[in-house]
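Working notes, beginning with the structure itself.
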Amino acid sequence: MGPVTIAAMAGCQHAVHACGVAAASPYAPEAAALFARMDNPPDDDRKTLIDTFIRALKDGATSGSDILGRMDAFWVLAAADDQAASLDWTGAHDLGAMLSGGAFFRGTLVPDRGWMWNGNSGDLNQLDTGIALGTTPTQCTADAFHMGAFMADDDPANGAAIGTSSPQNFIWAAADGGSSTMRILATVTISSPVGSGPRHFVGSRAGTTETAYANGVAGTSGTATRPLVASLTLGNVGQVNPVTVPLAIAHFGLDLSAAEILDLYHACQAYLQGVGVAA
């Protein structure tokens, strides 16, 4: 056999059977696994956008942290279709049950924007994730916990984007020019900075301190003493005040540092801009 030339090596990428060498995937393993779980495979542009998002979450431009690795669930509801929106990007907690007679049908999935209540008072206005905090196996604990929601726009109803109803732990999606109020495993209410437009709200508890963030900027802090317990829902808490604009991204997991939350915001923002949300 003669020497292997550069041209022959290049040809290998297009004729794997002839060279006996499998071409490496251009995508991160987590991205490739996500694509394989989608009923409707994304096109190349969407694959690149998702892959870039996942790599940003894993690399942490400022923090250097694997932020995706700190997630117990990461739902990107701003997806091309219902089935893609139901997937947990960590692979642990898909919302698949919501697609068959569940709350996806009782709300509205706006492609590339997110899930929102459909306005009918007789319908459920929340997504039950099926996760019982403190019972469902997770890596987060009461002293190392966060939850977050990226809203595609201002919510005039100040709807509850993510949380639990009994006891109440929540993130309220602020209206234009307002601040989000939160309780992160706590009885003390904290608030994020005031803002407008699409916003990423995160509440993080480390030890007994809870801190509120909006678009990566810290707000107030409080003392948190509640245990990790109760069912986690999206789109509302206790069916009291539903979100009236799309919930684009929701997540929870281990506590996050200020640098990690800023990296998370920028990664989410870039993805949402890529699908057309002016964030």
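- Interatomic distance, Y27 OH to I50 CD1, rounded to the nearest 0.5 Å: 9.5 Å.
- Minimum heavy-atom separation, D72 to H93: O-CD2, 3.2 Å.
- Rounded to the nearest 0.5 Å, atoms OG1 (T138) and CG (L232) are 10.5 Å apart.
- Of all the heavy atoms in C140 and L228, the pair that sits closest is O-CD2, 3.6 Å.
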Please report the C-alpha distance between F170 and F201 in whole Å, then the side-chain angles of each, then the deciding distance to 0.1 Å, and finally whether the ring pair (Phe, Tyr, Trp, His ring centres under 6.0 Å) criterion is met.
CA-CA 11 Å; F170 53 75; F201 302 110; over 10 Å; no
Taking it one step at a time, do S231 and T164 satisfy side chain to side chain contact (heavy atoms under 4.5 Å, CB included)?
CA-CA 6 Å; S231 297; T164 66; over 6 Å; no
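- For the pair G69 and D66, the tightest heavy-atom approach, listed with the atom from each and the gap, is N-OD1, 2.9 Å.
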Check the pair V202, H146 against side chain to side chain contact (heavy atoms under 4.5 Å, CB included), reporting the backbone distance first and the verdict last.
CA-CA 7 Å; V202 178; H146 92 274; 4.2 Å; yes
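- D154 and S196 share no side-chain donor-acceptor pair at under 3.5 Å.
- Looking only at side-chain heavy atoms (C-beta outward), V229 and P167 come within less than 4.5 Å of each other.
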Verify salt bridge (charged side-chain N to carboxylate O under 4.0 Å, His left out) between R70 and D255, making sure each step is shown before the conclusion.
CA-CA 8 Å; R70 298 188 67 78; D255 61 303; 3.3 Å; yes
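- Between W89 and F53, the ring planes are perpendicular. Angles over 60° get that label, and only those under 30° would be called parallel.
- Inter-residue side-chain proximity for Q83 and L87 is flagged as met; some heavy-atom pair is nearer than 4.5 Å.
- At least one donor-acceptor pair under 3.5 Å links the side chain of Y271 to the backbone N or O of A78.
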Show your working on salt bridge (charged side-chain N to carboxylate O under 4.0 Å, His left out) between R46 and D51 and close with a plain yes or no.
CA-CA 8 Å; R46 179 65 63 110; D51 182 67; over 6 Å; no
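- Using a 4.5 Å heavy-atom threshold, the side chains of W115 and P246 count as separate.
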Side-chain donor-acceptor contacts of residues 175-188 below 3.5 Å, not counting sequence neighbours, with atom names and distances?
{"residue": "S180", "atom": "OG", "partner": "W172", "partner atom": "O", "Å": "2.4"}
{"residue": "R183", "atom": "NE", "partner": "T189", "partner atom": "OG1", "Å": "2.9"}

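- Contact of the D88 side chain with the L95 side chain is not registered, since no non-hydrogen atoms from C-beta on lie closer than 4.5 Å.
- Residues A149 and I162 come closest through the heavy atom pair CB-CG2, 4.2 Å.
- Of the inter-residue distances, the one linking I171 atom CD1 with M151 atom CE reads 10.5 Å to the nearest 0.5 angstrom.
- We find the CE-CG distance between M147 and N169 to be 5.5 Å, quoted to the nearest 0.5 Å.
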Stepwise side chain to side chain contact (heavy atoms under 4.5 Å, CB included) test for S204 and T211:
CA-CA 5 Å; S204 184; T211 305; 5.6 Å; no
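- At least one side-chain heavy atom of F150 sits less than 4.5 Å from a side-chain heavy atom of Y265.
- At least one side-chain heavy atom of H200 sits under 4.5 Å from a side-chain heavy atom of H251.
- Looking at T141 and L254, their side chains never come closer than 4.5 Å, going by heavy atoms from C-beta outward.
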Using the rule given for side chain to side chain contact (heavy atoms under 4.5 Å, CB included), can you reason through T136 versus I131, listing the C-alpha separation, both sets of side-chain angles and the distance that settles it, and then say yes or no?
CA-CA 6 Å; T136 302; I131 295 169; 4.0 Å; yes
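- Formation of a donor-acceptor pair under 3.5 Å by the R113 side chain with backbone atoms of A152 is not found in this model.
- Between the side chains of E260 and S65, at least one donor-acceptor pair of N or O atoms lies under 3.5 Å.
- With sequence neighbours left out, F145 forms a ring-ring contact (aromatic ring centres under 6.0 Å, His included) with no residue at all.
- Here the closest non-hydrogen pair linking S221 and T209 is CB-CG2, 4.2 Å.
- Rounding to the nearest 0.5 angstrom, the gap separating the CG atom in D82 from the CG atom in N40 is 10.5 Å.
- Here the shortest heavy-atom pairing between L109 and L77 reads CD2-O, 3.8 Å.
- The main-chain N or O of D45 is found under 3.5 Å from a side-chain atom of D43 such that the two form a donor-acceptor pair.
- No donor-acceptor distance shorter than 3.5 angstrom exists from the side chain of E210 to the backbone of I190, with no hydrogens or angles considered.
- Contact check on R37 versus D94 returns a salt bridge, with a Lys/Arg side-chain nitrogen under 4.0 Å from an Asp/Glu carboxylate oxygen.
- Inter-residue side-chain proximity for W75 and T129 is flagged as met; some heavy-atom pair is nearer than 4.5 Å.
- Applying the side chain to side chain contact (heavy atoms under 4.5 Å, CB included) rule to P193 yields the partners A214, V217; only residues at least two apart in sequence or on another chain are considered.
- Here D263 contributes atom CG and L256 contributes atom CG; the two are 10.0 Å apart, rounded to the nearest 0.5 Å.
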